[in-house]
Structure formats: C-alpha cells, structure tokens
Undergrad: 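The structure under discussion is supplied below as structure tokens; questions concerning it will follow.
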There are 2 protein chains.
Amino acid sequence: MALRHAVLAALLDEELSGYQLAKVFDLGVANFWHAQPQQLYAELTRLEQDGLVTGREVVQDTRPNKRLFRVTDAGLAELERFTATAAKPSFIRDDLVVKVQAADHVDTETLIAQLAERSAFAQAKIDLFGGLLHTMRGDHTEEEFLRHGERIGPYLTCLRGLAFEQGNRDWCERTATVLRERQGAHVRH
Amino acid sequence: MALRHAVLAALLDEELSGYQLAKVFDLGVANFWHAQPQQLYAELTRLEQDGLVTGREVVQDTRPNKRLFRVTDAGLAELERFTATAAKPSFIRDDLVVKVQAADHVDTETLIAQLAERSAFAQAKIDLFGGLLHTMRGDHTEEEFLRHGERIGPYLTCLRGLAFEQGNRDWCERTATVLRERQGAHVRH
DNA sequence: CCGCTCATGTAACAGGTTACATGATTTA
DNA sequence: TAAATCATGTAACCTGTTACATGAGCGG
C-alpha cells in the first residue's frame with residue numbers, strides 16, 4: 001500500500017487539490033510514483049477518513065470549488081512508520097523492453113520508430129527535470145544546496161528521475177543505432 | 001496485457017517450464033519484466049488455451065513431472081501484432097524513492113540504512129548482468145557481437161537492466177552520502 | 001531431521017486502469 | 001465553435017500479490 005505514502009510525501013511541502021496532485025502524478029513530474037487521477041481522488045477520500053490528511057474547501061467563483069489537502073500529525077507519523085519498514089526492490093516493467101527482447105523475431109522498422117519516440121519523450125523529461133532542479137536550488141550550486149538547503153527530498157528524487165530518463169534515452173539511442181546498422185548490413189548483402 | 005507478451009518473448013529462445021520461467025521473472029534475471037510464479041502458471045494456462053504456446057509433458061522419475069512450453073506460430077504472430085502497437089511510457093514506482101521524497105521529515109538513520117541495502121542489491125545485479133553479458137557474447141567484443149550476433153534481443157535488454165541498476169546504485173550512494181554529511185553537520189552544531 | 005529445491009496449482013484480496021458522467025470557463 | 005483546462009467523482013474491469021495446499025528428493 002505505497003500509493004498512500006506517495007500521496008503523503010507529495011503533500012508534505014505544499015497544500016494541493018486532487019486535481020493538482022493528479023497533474024503531479026500523471027504527467028510524471030513526480031519521479032517517485034505514478035498514478036491515475038481516479039486513484040488519487042479515491043485515496044484522498046480514504047486518507048481523510050483515516051485522519052492522515054485534512055481537506056479544506058476553497059470556494060472559487062470563476063472555477064469549480066476545490067478542496068486543498070495537507071498532512072496531519074497522524075499522517076506524518078504514518079509516513080515515519082512506513083519509512084521504518086523494509087523497502088521492496090524495484091523492477092523495470094516496460095513494454096518497449098519486452099519488444100526489444102523479441103527483436104530478432106519481429107519487425108525492425110517498427111521497433112526503431114518506437115525507440116526514437118521514447119528517446120524524444122525521455123529527452124523532454126530530462127529538459128523538464130533540469131529546469132525543476134535549477135528552480136529548486138536557485139542561485140546555489142548543487143553541492144551547496146544539498147549541503148545547506150532546507151527541503152532536499154524533492155531535489156534528490158528529481159535527481160533519480162533525471163538519471164532514469166537519461167538511462168532511458170541513452171539505451172534507446174544505442175539500441176536504435178545497433179538495429180539500424182544491422183538492417184543496413186542485411187540489405188547490402 | 002503485457003505479461004503475456006513478456007512470457008512469449010522469454011520463450012522465444014528456449015523451451016521452459018513454469019517453474020523455470022518463474023525463476024527468470026522472479027529473481028529479476030529478466031530485465032524486461034517481473035512477475036510472481038502464480039501469475040506465470042496462470043498465464044501459461046491461458047496462453048496454451050489460446051494456442052499461443054504449446055506444452056509438452058516431460059516425465060521425470062527423480063523429480064516431479066514438468067511441462068515445457070514453446071511459442072507457436074500464432075504466438076509469434078501475436079508478438080508481432082503487439083510490437084506494432086504503441087508502447088506505453090514507463091515510470092519509476094519505488095518505495096525507497098518515496099521515502100527519500102520525505103527525507104526532510106523522517107528519520108535519517110533508517111533511510112541511510114535502506115539506501116545502503118539497496119545499493120548492495122543493485123551491485124549484486126550489476127555483477128550478475130556483467131557475467132550474463134559476457135556469456136552471451138562469448139569471445140567477441142560487444143561491438144562485434146551486436147553487429148554480427150544472431151540473437152541480440154536478450155543482450156540488448158540485459159544492457160538496459162545493467163544501466164538501470166547502475167543508476168540505482170549511483171543514486172543510492174550519492175543520496176546516502178548527502179544525508180550522512182548533513183547529519184554530521186547538524187550534530188557538530 | 002530440518003530446510004531447500006523442484007513442480008504446480010487454487011482462492012481471496014489488494015491495487016491499478018478504463019469508461020462513463022457532469023459542467024463551467026478560458027483559449028485558439 | 002471546438003478543444004483544452006479546471007474540478008470531482010462512480011462503477012466495472014483487469015492485473016498483481018499473498019496465503020494456502022501438496023508432495024517427493026536432496027544436502028547438511
């Protein structure tokens with residue numbers, strides 16, 4: 001049951017509505033978890049029932065009303081308890097890698113196209129994360145910020161997200177190149 | 001429904017029993033997917049019903065009998081069809097990263113211990129993958145093998161797994177160092 | 001003799017995805 | 001005027017995890 005803890009962790013630094021949370025979790029700005037809006041609305045309801053977050057209604061006249069949530073003391077305690085339990089190992093679970101596993105038996109063109117698409121997607125996230133990191137550390141160098149900054153958790157997780165997407169991009173590029181060269185070699189012969 | 005395709009991809013190069021498949025998917029030797037034994041037994045049953053794999057009973061007297069599965073022509077066609085559909089983006093979903101997101105609010109000692117544990121786990125997989133890659137390419141260099149080898153799919157996915165675990169290890173080490181130094185600084189003051 | 005490996009499954013439950021539903025406002 | 005954004009939810013469905021069950025042989 002880690003979604004609830006991911007939500008709690010996301011709400012530590014700012015008060016957010018379900019909708020805002022959904023953007024964070026859906027567009028992958030959250031490098032530490034991913035979830036559908038529907039999951040989040042449901043989880044927020046449960047978290048409030050369990051007293052781990054509190055919501056306050058914000059009336060808006062130009063937009064629909066919204067509820068902003070923040071973590072309670074009980075929520076913080078729950079996060080603390082969660083942190084103390086052993087972490088499960090994390091695994092890759094990726095459609096595209098499955099397809100590459102079958103590379104010797106399926107159409108190469110399609111694979112190369114999908115690798116290129118994924119690479120571009122990864123690059124977009126790399127750029128996004130670069131900007132986020134810069135915003136978080138302000139005028140300081142990374143070393144300075146990590147040594148003396150106040151809220152470094154989000155920065156550290158963003159670094160993980162950045163490295164992950166760089167790994168993604170590099171592997172896609174390399175794999176596409178390999179497949180392209182083999183294709184060329186086969187045609188020539 | 002990518003588990004079935006992961007199973008098909010895993011069975012392309014060798015005939016395996018449910019039990020053997022489970023080891024591949026469970027111990028994480030499969031860098032492209034992860035699944036529980038129970039999922040695999042169920043999926044193999046379904047795949048056989050759908051005619052995408054065929055099983056043959058192998059009678060053993062010293063061990064329980066087993067069923068070895070291989071991909072049928074229909075199975076290959078299904079993989080081909082799957083490869084042609086757009087790949088979903090892949091996301092990090094990691095307990096430990098959630099905990100680091102909350103680093104500024106929870107106990108640091110526990111976090112450092114878990115980062116060290118994860119780092120060691122990642123290193124073990126790096127060593128394992130290094131050996132697997134060496135076995136696959138034999139006496140050739142990586143470049144040679146990728147240019148002229150026959151079955152490069154598993155090699156390419158193993159490279160992805162390797163890079164993923166290296167990213168994991170490096171981030172864990174860096175994060176643990178950052179947290180340790182801050183801890184020291186706080187104690188000194 | 002205890003625990004591990006081989007070998008396969010059922011059943012209950014928890015977690016995640018997709019489709020459907022609503023409705024006002026802002027932007028192209 | 002069509003599409004995107006803001007804002008929240010229900011319900012059905014598919015996927016994944018955990019617990020339970022069985023039973024023989026092998027190694028320490």
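Reminder, nothing fancy here: chain letters follow the sequence lines and each chain counts from 1. Computed over heavy atoms, backbone and side chain alike; hydrogens, waters and symmetry mates excluded. Please read these numbers as outputs of a predicted model, since none were measured by experiment.
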Undergrad: Just the rounded figure in Å: distance from C1' of dT17(C) to CG of D95(A).
TA: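 Rounded to the whole Å, the gap is 14 Å.
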Undergrad: Salt bridge or not between E165(B) and R169(B)? Use side-chain N to carboxylate O under 4.0 Å.
TA: no
Undergrad: With R4(B), which residues qualify under salt bridge (charged side-chain N to carboxylate O under 4.0 Å, His left out), at least two apart?
TA: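 Testing R4(B) for salt bridge (charged side-chain N to carboxylate O under 4.0 Å, His left out), a comparison that skips the adjacent residues, returns E43(B), D50(B).
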Undergrad: Mind running a 4.0 Å heavy-atom check of residues 74-84 of chain B against DNA chain C and sending the residues that fall below it, in number order?
TA: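 Residues of residues 74-84 of chain B that come under 4.0 Å of DNA chain C do not exist, since none gets that close.
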Undergrad: Does F25(B) have its ring centroid less than 6.0 Å away from the ring centroid of H34(B)?
TA: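 Between H34(B) and F25(B), which both carry aromatic rings, the centre distance is not below 6.0 Å.
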Undergrad: Would you confirm whether N168(B), through its side chain, and A122(B), through its main-chain N or O, come within 3.5 Å as a donor-acceptor pair?
TA: no
Undergrad: Would you please name every residue forming a salt bridge (charged side-chain N to carboxylate O under 4.0 Å, His left out) with E48(B), sequence neighbours left out?
TA: R67(B)
Undergrad: Can you list, by residue number, the residues of residues 49-68 of chain B that have a non-hydrogen atom closer than 4.0 angstrom to DNA chain C?
TA: Q60(B), R63(B), P64(B), N65(B), K66(B), R67(B)
Undergrad: Can you tell me the distance, in whole Å, between the CG atom of L47(B) and the P atom of dG9(C)?
TA: 13 Å
Undergrad: Among all residues two or more places apart in sequence or in another chain, which pass the salt bridge (charged side-chain N to carboxylate O under 4.0 Å, His left out) test with E78(A)?
TA: R81(A)
Undergrad: Return the value, rounded to whole Å, for the distance between atom CG of L21(A) and atom P of dC6(D).
TA: 14 Å
Undergrad: In chain order, what residues pass the ring pair (Phe, Tyr, Trp, His ring centres under 6.0 Å) check against Y155(B), with sequence neighbours excluded?
TA: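 With neighbours one apart ignored, the set is F145(B).
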Undergrad: With sequence neighbours left out, what residues match R118(B) under salt bridge (charged side-chain N to carboxylate O under 4.0 Å, His left out)?
TA: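 Checked R118(B) against salt bridge (charged side-chain N to carboxylate O under 4.0 Å, His left out); matches are D94(B).
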Undergrad: Look at the side-chain N and O atoms of K23(B) and state whether any lies under 4.0 Å from the OP1 or OP2 oxygen of dC6(C).
TA: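 Answer yes for this pair, as a side-chain N or O of K23(B) is under 4.0 Å from OP1 or OP2.
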Undergrad: Of all residues at least two apart in sequence or in a different chain, which pass the side chain to side chain contact (heavy atoms under 4.5 Å, CB included) check with E150(A)?
TA: none
Undergrad: If we fit an axis to the first five pairs and another to the last five of the helix from dC1(C)-dG28(D) to dA28(C)-dT1(D), what angle do they make, to the nearest 10°?
TA: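 Angle reported: 50°, given to the nearest ten degrees.
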Undergrad: Report the residues that fulfil ring pair (Phe, Tyr, Trp, His ring centres under 6.0 Å) with Y19(B), sequence neighbours left out, ordered by chain and then residue number.
TA: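 Applying ring pair (Phe, Tyr, Trp, His ring centres under 6.0 Å) to Y19(B) gives none.
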Undergrad: Using a 4.5 Å cut-off between side-chain heavy atoms of Ile, Leu, Val, Met, Phe, Trp and Tyr, which other residues end up in the same hydrophobic cluster as L68(B)?
TA: V58(B)
Undergrad: If the sugar-phosphate is the primed atoms plus P, OP1 and OP2 and the base is the rest, what is the B/S/- string for nucleotides 12-18 of chain D, using protein heavy atoms under 4.0 Å?
TA: ---SSBB
Undergrad: Kindly indicate whether a cation-pi arrangement holds for R46(A) with F69(A), taking the cut-offs as under 6.0 Å to the six-membered ring centre and within 45° of the axis.
TA: no
Undergrad: Verify the contact: side-chain N or O of Y19(A) to OP1 or OP2 of dC6(D), cut-off strictly under 4.0 Å; return yes or no.
TA: yes
Undergrad: Do any N or O atoms from the side chain of Q114(B) and from the backbone of T85(A) form a donor-acceptor pair under 3.5 angstrom?
TA: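 Yes: the side chain of Q114(B) pairs with the backbone of T85(A).
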